[in-house]
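Everything on this sheet refers to the single structure shown next.
Values below: all heavy atoms of this structure, side chains included; hydrogens, waters and symmetry mates excluded.
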Amino acid sequence: MATEQRKPLPFIANFAAGAIAGVSEILTFYPLDVVKTRMQLETGKGKHGMIGTLTAIIREEGAGRLYRGLVPPLLLEAPKRAVKFASNDFWGKTYLQFTGQSKMTPELSVITGCSAGATESFVVVPFELVKIKLQDKTSTFAGPMDVVKQVVKKEGILGLYAGMEATFWRHFWWNGGYFGCIHQVRAVLPKAETPQGQLFNNFISGSVGGFVGTVVNTPFDVVKSRIQGASKAPGVVPKYNWTYPAYVPYNSVCLIRRFIDVL
């Protein structure tokens, strides 16, 4: 008797599962995101590592500070997932049609992932900006809406898109690193003969791909945090404004140190 093939899950089921997983991930790891942002915003002397930053926040500001700025990423999760799924599907079909391929190849997966990540970045920026402003140690904002009101009042609606270029590159290179690695890892793993084996292969390839994607995109994430966390003064050119110009010798040393500390 032939084995009955499972039908692929509908879009709404995949979307709901992804959204639930994303929210669960945010609630679990958000304190580490606060620590990461604090480390990225630190300049000059007196820098702390991950443990030092974590303990300093709890000791000086209270454990509740580790969840300050949680609302924006929670509100972002649903639209981000929708854009991620829709853009990945759109770019995948577009590149298949453009190249005349009948199925996705590793190379097309990389291009599709990069394009989807770049598209996703346009939705992410305002939420990320609000989150960074609230996570900053010197933040005096009352909450997310206070950030929005003050930024719009001082800089206009486009002020909410500060760091757009850095966010674009962060998502572009993360997806490139992830998809560029995941197919290569799957190719060298033993072929799965059972659902458990398939799950194990997916876990290993996803973990390696996620690590590589993070290594590739972290310098861009540091620049993004510096740009979005800075307070603009009239007539003063910000120290961190565009991504690649930030990689001058002096700043590169600082960014590399922050990258190593975050890891």
Side-chain angles (χ1 to χ4, degrees), residues 6 8-9 13-37 39-40 49-51 53-54 66 70 73-74 76-78 80-85 87-89 91-92 103-121 124 128 131 167 169-222 224-225 255-256 258-263:
R6 294 182 179 179
L9 292 174
N14 284 322
F15 174 78
I20 293 172
V23 169
S24 300
E25 178 184 352
I26 292 171
L27 293 174
T28 303
F29 296 106
Y30 189 78
L32 294 179
D33 186 69
V34 175
V35 172
K36 173 184 72 73
T37 300
M39 293 171 65
Q40 291 176 339
M50 184 179 73
I51 301 300
T53 301
L54 176 64
L66 293 172
L70 177 62
L74 288 178
L76 170 64
E77 192 58 30
K80 184 178 76 170
R81 292 279 172 176
V83 172
K84 182 188 291 289
F85 277 102
S87 60
N88 195 70
D89 182 65
W91 289 114
K103 62 179 181 179
M104 192 63 65
T105 64
E107 293 77 16
L108 288 180
S109 294
V110 174
I111 299 173
T112 298
C114 288
S115 300
T119 305
E120 178 188 10
S121 67
V124 168
E128 278 285 314
K131 178 178 74 73
T167 305
W169 290 118
R170 182 186 74 159
H171 286 258
F172 182 92
W173 289 119
W174 190 94
N175 281 271
Y178 177 79
F179 288 105
C181 180
I182 194 170
H183 286 283
Q184 301 301 322
V185 175
R186 283 176 177 170
V188 300
L189 289 173
K191 185 176 180 180
E193 302 294 340
T194 64
Q196 292 79 9
Q198 183 65 46
L199 180 63
F200 177 77
N201 283 0
N202 288 339
F203 173 78
I204 295 298
S205 58
S207 297
V208 175
F211 176 81
V212 172
T214 302
V215 169
V216 172
N217 95 316
T218 294
F220 300 93
D221 190 45
V222 175
K224 180 194 74 68
S225 295
L255 293 172
I256 291 171
R258 291 294 88 198
F259 165 66
I260 294 174
D261 288 341
V262 169
L263 288 181

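Applying the salt bridge (Lys or Arg N to Asp or Glu O under 4.0 Å) rule to pairs touching residues 198-222 yields K36-D221, R170-D221, sequence neighbours excluded.
Note: F220 CZ to S225 OG = 13.5 Å, rounded to the nearest 0.5 Å. Between L74 atom CG and Y30 atom OH the span is 8.5 Å, to the nearest 0.5 Å. Here NZ of K131 is found 3.5 Å from CG of D33. Values are rounded to the nearest 0.5 Å. For the atom pair CG (N88) and CG (N175), the distance works out to 8.0 Å, reported to the nearest 0.5 Å. For the atom pair CD (Q40) and OG1 (T53), the distance works out to 11.0 Å, reported to the nearest 0.5 Å. Atom CH2 of residue W173 and atom CG of residue N217 lie 11.5 Å apart, to the nearest 0.5 angstrom.
Looking at S115 and I111, their side chains come closer than 4.5 Å, going by heavy atoms from C-beta outward. Under the 4.5 Å side-chain criterion, counting only non-hydrogen atoms from C-beta, R186 is in contact with N202. Side-chain atoms of V208 and I182, non-hydrogen and from C-beta on, never get closer than 4.5 Å to each other. Counting only heavy atoms from C-beta outward, the side chains of F211 and T214 never approach each other to under 4.5 Å. Counting heavy atoms from C-beta on, the side chains of S24 and I20 come closer than 4.5 Å.
Side chain of N201 to backbone of P190: a donor-acceptor contact under 3.5 angstrom is found.
Using bins of under 30°, 30° to 60° and over 60° for the plane-to-plane angle, the ring pair F172/W169 lands in the perpendicular bin.
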Derivation and outcome, side-chain contact (heavy atoms from CB on, under 4.5 Å), residues L27 and L70: CA-CA 8 Å; L27 293 174; L70 177 62; 4.1 Å; yes

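Between S121 and T167, the shortest heavy-atom contact is CB-O, 3.8 Å. In terms of heavy atoms, S109 sits closest to M104 at OG-CG, 3.1 Å. Of all the heavy atoms in V83 and E120, the pair that sits closest is CG1-CA, 3.9 Å. Taking both residues in full, the closest heavy atoms of G176 and C114 are given as CA-SG, 3.3 Å, listed atom of the first, atom of the second, then distance. Between V212 and C181, the closest heavy-atom pair is CG2-SG, 3.8 Å.
The side-chain hydrogen bond (donor to acceptor under 3.5 Å, both in side chains) search around T37 returns Q135, not counting sequence neighbours. Under the salt bridge (Lys or Arg N to Asp or Glu O under 4.0 Å) criterion, D89 pairs with K93, sequence neighbours left out.
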